[in-house]
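One structure is given here, and the rest of the page talks about it.
Just so you know, these numbers use all the heavy atoms, side chains as well, and skip hydrogens, waters and symmetry mates. Just so it is clear: chains get the letters A, B, ... in the order the sequence lines come, proteins before strands, and each one is counted from 1.
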Amino acid sequence: MKSRVAAILVACAGLCAIPGSGQKPRTVWDGVYTAEQAKRGADSFAAKCAMCHGGEMQGSPEAPPMAGAEFMFSWGGKTAGALYDYIHMNMPPGEAGSLSGQRYADILAAIFQKNEFPAGQNELPADPKALADVLIPKDKP
Amino acid sequence: MMKRFAATATVLVVTLVPAFAQNAAPQANFVPVTDKMLEKPDPGDWLMWRRTQDSWGYSPLTQITKANVSKLKMIWTRGMGPGLMEATPLAYRGIVYLPNPSDLIHAINGATGDLLWEYRRDLPEDVTKIFPVPSINRNIAIYGDQIIDTSADDFVYAVDAKSGKLTWENRIVDYRENSAQETSGPIIAAGKIISGRGCEPKGGPDACVITAHDAKTGKEIWRVHTIPKPGEPGNETWGDIPYEQRKHVGAWMVPSYDPELHLIYIGTSVTSPAPKFMLAGNDKKYLYHNCTLALDVETGKMVWYYQHIVDHWDFDHPFERYLIDTVVAPDKSQVLWINPRLKPGERRKVVTGIPGKTGIVYTLDRQTGEFLWATPTVKQNVVTKIDGATGEVTVNPDTTFSHKGEERYVCPSTSGGKDWEAGAYSPLNNVMYFPLQNACMTVTPISDKPVATSLYAITTKLQFPEGEDKLGTIQAISVETGKTLWKYEQRAGMMSLVATGSGLLFAGDSNGHFRAFDQNTGKILWEVNLGSPVSGFPITYMANGKQYVAVCTGNALLTGGLNRLTPELHPSNSNAIFVFALGE
């Protein structure tokens with residue numbers, strides 16, 4: 001009986017994390033971008049982001065790193081959609097929203113690759129609603 | 001027949017090298033720049049970062065006045081190379097020498113804007129991987145017939161001021177081993193190239209050096225470490241932290257120099273990580289971070305130091321220091337912290353200004369380092385007290401940390417208060433003017449120990465102080481009394497200033513506006529929208545008997561950060577120089 005309750009609770013935790021999804025939530029550890037997309041994103045990052053965030057996404061005094069512990073502290077527990085929205089609405093400074101949705105999604109893929117989240121078979125869509133279902137867990141599973 | 005041949009040859013020469021040869025005339029009689037000229041420059045020249053070794057940011061030129069400044073017109077403009085923009089032009093005998101981002105230098109006819117020569121350093125590709133912001137190139141220096149700078153790949157180098165050809169270079173550190181970020185260039189003092197630098201944590205403590213090189217040959221004369229080694233004075237201030245783990249105490253801006261005292265004044269930055277509980281505890285000083293250092297120009301020996309604050313939040317203190325001889329009579333009604341030993345009417349040689357991001361004005365005796373007075377400007381909550389008798393600073397314990405995830409409300413912010421944008425001093429009224437930001441932040445440590453992938457191991461969130469919505473401010477502060485004589489406040493962040501001998505103060509902002517103020521009242525007398533953040537340091541100079549005002553625009557880390565607080569402002573991000581003079 002005890003283990004049955006526990007099983008229900010675990011299942012509920014999965015289902016309740018994303019209300020209405022009806023299935024286990026996807027995370028960035030599930031292969032949510034492709035290697036080809038990350039390569040395109042890395043080129044866009046070099047052209048549009050690296051000047052402030054550094055060529056290795058290491059960050060600078062006024063622009064936070066996009067990889068590593070500080071990135072995970074800031075974005076762990078949030079969704080890929082929230083990160084996409086933030087970047088789209090704020091970056092690059094003075095030119096917010098100036099890139100196509102596809103390029104923002106590609107840059108997101110490059111950030112995920114730099115954080116060593118695995119590549120998969122499907123590209124990240126340039127759709128914040130679809131990305132809202134993709135969790136960036138605080139810890140590696 | 002002979003005449004005809006000569007005419008043909010002339011045409012050929014003009015055709016082959018049109019851009020540079022046609023404009024070479026102004027440099028034909030180049031007069032080498034001497035130490036004497038640097039100590040007392042011609043009024044029409046701007047020969048170093050803040051024009052003079054005392055870092056005043058003041059030009060005695062008077063052709064443009066309060067009465068005629070409204071007639072200023074743009075005379076020429078040029079696009080500049082890509083990268084982060086914080087440039088200061090030099091001007092010598094009518095030629096402008098312009099540092100573009102990424103070690104690109106242009107020599108330009110200061111009256112017409114025509115290019116005379118270009119030097120483009122062949123930087124290794126991996127500098128963009130090793131350094132977060134290698135493109136920043138704030139300033140260059142001039143000495144003899146050479147333009148001198150420090151490079152993104154950690155060399156000090158000189159190019160011929162007449163041709164732009166590289167004449168010599170000397171490696172300061174190995175940019176891969178002891179990675180140091182040369183965002184600022186040098187000043188020349190007593191025939192030496194004096195330069196500081198930021199030091200990347202991965203470069204270790206040996207990247208954190210201030211150096212002197214022979215200004216004629218580039219040969220190294222001395223180097224000073226900003227982090228003490230075991231056995232050296234100050235070693236104990238790091239507790240049990242091994243030398244190799246002491247990181248990032250940079251001196252990333254440009255020093256001042258007193259040729260009578262033979263002393264260099266240079267400021268230092270925060271450590272990495274910033275919160276001290278991650279190192280040997282909050283009770284230690286971690287010298288020589290966030291200090292003013294007074295160094296003997298001949299040997300580099302540290303004559304004195306003063307620590308402005310033990311820093312847990314990335315509140316660097318490397319900004320310009322003004323060297324002024326003045327009566328010191330701080331007004332008790334406005335100045336919070338005063339040395340009780342000061343005598344009424346006492347005259348001192350001081351080093352003063354706002355050296356750090358806290359926005360606090362510090363005035364010290366520049367012969368001895370004795371604390372004289374200090375007082376805040378914009379809202380700050382990190383310093384609760386400075387002991388007037390000793391200069392000892394007490395940090396507010398409500399703003400320090402003891403563990404990961406502890407959020408603190410801290411004022412000002414990592415963008416200042418004050419940041420690298422420079423103020424100016426006017427000897428006309430003994431007043432210094434500061435471009436500042438009204439900003440606070442929440443700060444949270446991301447770890448309980450140093451983290452390799454995070455420079456400061458904190459996250460910050462910029463915000464307005466409660467009840468305020470004006471980010472940028474200029475404050476005019478009496479050097480003698482410390483009283484604030486006027487304040488100007490506006491929505492956009494403020495950028496660098498220059499003061500002139502006719503009582504004008506030029507100032508740019510992060511929204512692209514460039515203005516002339518009355519030094520005495522703060523009244524705006526002229527204004528133009530340059531379209532992009534006015535992130536360069538403005539200067540004024542003479543060419544062909546005419547006074548020009550020059551300033552660069554473009555994206556800077558700072559303006560990008562500040563503009564997030566003013567989302568309704570939408571400047572563009574074009575790197576360019578704009579030059580103004582009186583219309584006919």
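With a threshold of 4.5 angstrom between heavy atoms, Ala69(A) approaches chain B through its backbone and through its side chain. Both the backbone and the side chain of Ser415(B) come within less than 4.5 Å of a heavy atom in chain A. For Pro445(B), the part lying under 4.5 angstrom from a heavy atom of chain A is the backbone only. Of the two parts of Val133(B), the backbone and the side chain both hold a non-hydrogen atom closer than 4.5 Å to a non-hydrogen atom of chain A. Of the atoms belonging to Asp316(B), not a single heavy atom falls under 4.5 Å from chain A. Heavy atoms closer than 4.5 Å to chain B are found nowhere in Ala96(A), neither backbone nor side chain.
Residue-environment remark: CD (Glu125(B)) stays at or below the threshold of 12 foreign heavy atoms within 6.0 Å. Applying the 6.0 Å contact sphere to NZ of Lys202(B) captures more than 12 heavy atoms from other residues, nucleotides or ligands.
Taken to the nearest 0.5 Å, the CG atom of Asp314(B) stands 7.5 Å off from the CD atom of Glu62(A). The distance from atom CE of Met89(A) to atom CZ of Arg564(B), rounded to the nearest 0.5 Å, is 13.5 Å. Atoms CD1 and CD, from Ile458(B) and Glu70(A) in turn, are 7.5 Å apart once rounded to the nearest 0.5 Å. Distance CE/Met51(A) to CD1/Ile136(B): 9.5 Å, rounded to 0.5 Å. Note: Glu95(A) CD to Asn555(B) CG = 7.5 Å, rounded to the nearest 0.5 Å.
Under the side-chain contact (heavy atoms from CB on, under 4.5 Å) rule, Pro132(B) has a single partner from Glu56(A), Gln58(A), His53(A), which is Gln58(A).
The two residues Leu557(B) and Ala63(A) have their closest heavy-atom pair at CD2-CB, 4.2 Å. When every heavy atom of Cys52(A) is checked against every heavy atom of Leu84(B), the shortest pair comes out as SG-CD2, 3.9 Å.
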Trace of the side-chain contact (heavy atoms from CB on, under 4.5 Å) decision for Leu455(B) with Ser60(A): CA-CA 7 Å; Leu455(B) 183 57; Ser60(A) 67; 5.9 Å; no
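For the set Ser74(A), Pro64(A), Gly59(A), Pro61(A), the entry with the most heavy-atom pairs within less than 4.5 Å of chain B is Pro61(A). Per-residue counts of heavy-atom pairs under 4.5 Å with chain A were compared for Gly560(B), Ser454(B), Ser447(B); the largest is that of Ser454(B).
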